[in-house]
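Chain letters run A, B, ... following the sequence lines, proteins first, then strands; residues in each count from 1.
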Amino acid sequence: MSRLQRLWRNQTQVDFPELWKTTLKVSAALILISAIALLVRGVNLGIEFEGGTVWEASAPDVSTADVRDALRGVGQADAKIQFVGGDVLRVRAELDATDASSVAEVSMALANLTGQSLDDISFNSISASWGSEITSKAIRALIVFFIVVAIYITLTLEWRMALAALVAVAHDIVITVGIYALFQFEVTPATVIAFLTIMGYSLYDTLVVFDKNRDYQRRSALVGRATYTRIMNSALNTVLLRSVNTTITSVLPVLSMLVIGTLVLGAVTLAEFAVALLIGLLVGTYSSLFVAAPAAAWMKERQPEFVEQRERLEARAQSRGATVQDVEEVAVGPSSPAPAPSADRPTRRPSQPGTAIPPRPRKRKRR
Amino acid sequence: MSRRSLVSLVLIVAAAAGLLAASLVVGNRPLLGLDLKGGVEVVLVPVDDPDRPVAITEGDLDTAVDIIRDRIDGLGVAEPDVTRQGGRVVVQLPGISDQQRAIDVVGQTAELRFRPVCAELPVVTFDSEVELPQTELPDPDLDDRGLAPCPSGIDYISLDTSTPAEDVLERFVVLPERDDNGEVVTRYLLGPSTLTGAGLSSADSSFRGEFVVDATFKGGDQGADKFDEIAVECYSGTPYCPPGVAGLGQLAVVVDGSVQSAPSVQSPNFDGRVVISGNFSEQEADDLALVLRYGALPIEFQDPTDPQSDSTSRAVSATIGGDSLRAGIIAGIVGLALVFLYMVGMYRLLGLVAMLSLGVSATLLWVIVAWLGETQDLALTLAGVTGLIVAIGVSLDSNVVYFEHLKEDVATGRMLRSSLEQSFLAAFRTIFRANFASLIAAVILYWLSAGSVRGFALMLGLASVLDLVATYFFLRPCAQLMARSPSLMAHPHRLGLPTREEAMSAGVEPS
């Protein structure tokens, strides 16, 4: 059976704990790069946050596209272009009004475009439109949100899962912001909204994965037979196709926005925004499987209940001269041959091929 | 079972279609944000006042910008763009219909004051044939609280309305109260007072049998104590604040030289918590609360409605060109088509159902966004639209979670027919938990934040709730109806599911 077929039937046998060893290093490296980029380069805040310069000129017969072309020539392609009262052109760009030579360059470009003398082009400084109050309120809201969501997950699942989910969300935000810092993409209010969208998506995705894991933890077939990490591994294998599918359906519209918006029709504004979302969505799915899951497993393995279970499994394995790995495989994975029935363990029907979990007994249902 | 699912299905589709039709008939349309559609801009130029002791600084203008931004945020979720451009304040608001209201809100520039009412005066008309004797207002005899007994022995009726220059905190003034059209309905002779909007900490409208405004003063001698000093005089009806029509002294709320309200003082001691009532409509109570909250601007601006002034209001175009918008729309359609192909390829008939379910929730979302655009000035910006595109992915995820659960159940040897319902219940628990977390995020962000973050929170919350609605009331009955079809049950491939035999035999093959 091909890999894809296996994936389609939720019968993959990906060894997640093995993968985690690599992915955790990758994540650590990405976070390190992000942190360095943030510290060294900082984020490139847009005009909405930092203010800049505003130009005004009478321009009755000029189109937005003409202005955009003229501004591209002086390196201000992402300026905000607006027509006021119909025929007054207003250009806002993230350029310090005291930077006389750059300001003059733009003024010159606008004068050439509108066919007027330099004196007819007025310019002025412009303040930030995103108030510092909005930022402080948003940060306060985020802190409250983290606390409440932690409580919510603790109530519905447990505190270790809550902590793991928040670690994953933090991981996603740091990496996305880090990429912005690294490539010096401009951060606009729309970008901030994209970051928030990513946060929501990442949390949602992690919760779906954890919920599946809890399902598995409760299934009687696994109780007492596998270490927590192995249970998690089975759950992740079943949820893998769902993660792949959801990522594809989420990413397709964003990808089409990136490709069509940027390459084909040349809409600059959409591009960076789509990049932020794209990276965020991918990192968000990745972190559910490769950050939140190992974090939860790591904490659970230190819970006395599961430590005891692990020791019991190890002891049993040694009594039969097998390794722990084998015991785990017997308990969860169908890939290794079933062990010979032994006295301390009742003979088990070979588990359903291809799936980790034997079928639940069918209940008689009323019609 | 089958009838109930059919009813649910018909109801949800009818509800979506009906609401969409109603919304289109009423003419509700989503309000597009400044970046997508443009709007109105009000340019405020400070009054050139030669008597002003200190020149206007950038700091003053920045404070004014913050206050104006707060005021507009207080009106709803429209995302304004308020900036200082040189020595002017430029306010851009989405939605052309809002032009007059924008000017009204932005234009209220004077300090908020509370003054005791000495007397209510008739609206004087100047075409009277009898020449009324003019009487000058005396200078007040201020005590150490900044209050003064009302003047006696003068002809109140003949008093002229005070000019803006005469409207000084430490003097007696005659100020008008106006109705919505700006017509003077009555005038008041008001005493001096030093209580201003700076003493207030918050104000909000609420409904307690009628619409009232709850105002809270800051503690200490600039707020609550100062209010109580005046309240004692008004409640007892002393010469500082003589009894009015209701037998109690009144305290006037004055903004921009106009009396907004002159409520009777019904207690000598408020301890900072004041309830203002007065047959307000909901809008009036909201507006008064808004004025109380954000009353004071540090500078006076020229009136944008006055054609002589430098302040103006004009229409502005979108900041994102039509080219970007068109690209965005094409990208959205192409993206959706790709998603459609993928879902149908992956899940066949179930994929089609998922897309229909998405259609139901998208229709409801459009109706709600259009309605909020009309009533709450909810502006749809580029960020909002993109958020909705991501919401498509999340919304489809609910379906994917269900389908995968189904596949897993079938693979473990369950009958497809019973799995359809059993898997739904299990999957819905997961979907509910995950969406509920998003909803918590939305509520907290909406409640505690401001500006465009608030608009985002609203969209996130709506998308989460609608996802649950569509999943439970559309996807579930669809699945139940499928379970009734013998031919579908016999051909699981049409649902993108393996047959029982395939499921049972799959793992035996060497991998």
Could you look at [X] and say if it's the side chain, the backbone, both or neither that has a heavy atom under 4.5 Å from chain A?
| X | value |
| --- | --- |
| B:Ser419 | neither |
| B:Val339 | both |
| B:Leu396 | side chain |
| B:Val90 | side chain |
| B:Asn399 | neither |
| B:Thr430 | both |
| B:Met343 | side chain |

Options A:Thr249, A:Thr246, A:Asn245, A:Val192, ranked by heavy-atom pairs under 4.5 Å with chain B, top entry: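 Among the listed options, the one with the most contacts to chain B is A:Asn245.
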Options A:Ser136, A:Ala79, A:Gly51, A:Ala141, ranked by heavy-atom pairs under 4.5 Å with chain B, top entry: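 The candidate making the most pairs under 4.5 Å is A:Ala141.
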Donor-acceptor contact present, side-chain B:Ser313 to main-chain B:Val42, <3.5 Å: no
Is a side-chain donor or acceptor of A:Arg90 paired with a backbone partner of B:Val316 at a separation under 3.5 angstrom?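 Absent.
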More than 12 heavy atoms of other groups within 6.0 Å of A:Phe123 CZ: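 Incorrect, the count does not exceed 12.
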Between A:Arg92 and A:Glu56, does any NZ, NE, NH1 or NH2 come within less than 4.0 Å of an OD or OE carboxylate oxygen?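 Not counted as a salt bridge, because no side-chain N and carboxylate O are separated by less than 4.0 Å.
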Aromatic ring pairing B:Phe428/B:Phe432, orientation class (parallel under 30°, perpendicular over 60°, tilted between):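 Ring orientation, 0 to 90° scale: tilted.
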What I want to check is whether the side chains of A:Thr285 and A:Asp205 have a donor and an acceptor closer together than 3.5 Å.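 A:Asp205 and A:Thr285 do not have a side-chain donor-acceptor pair below 3.5 Å.
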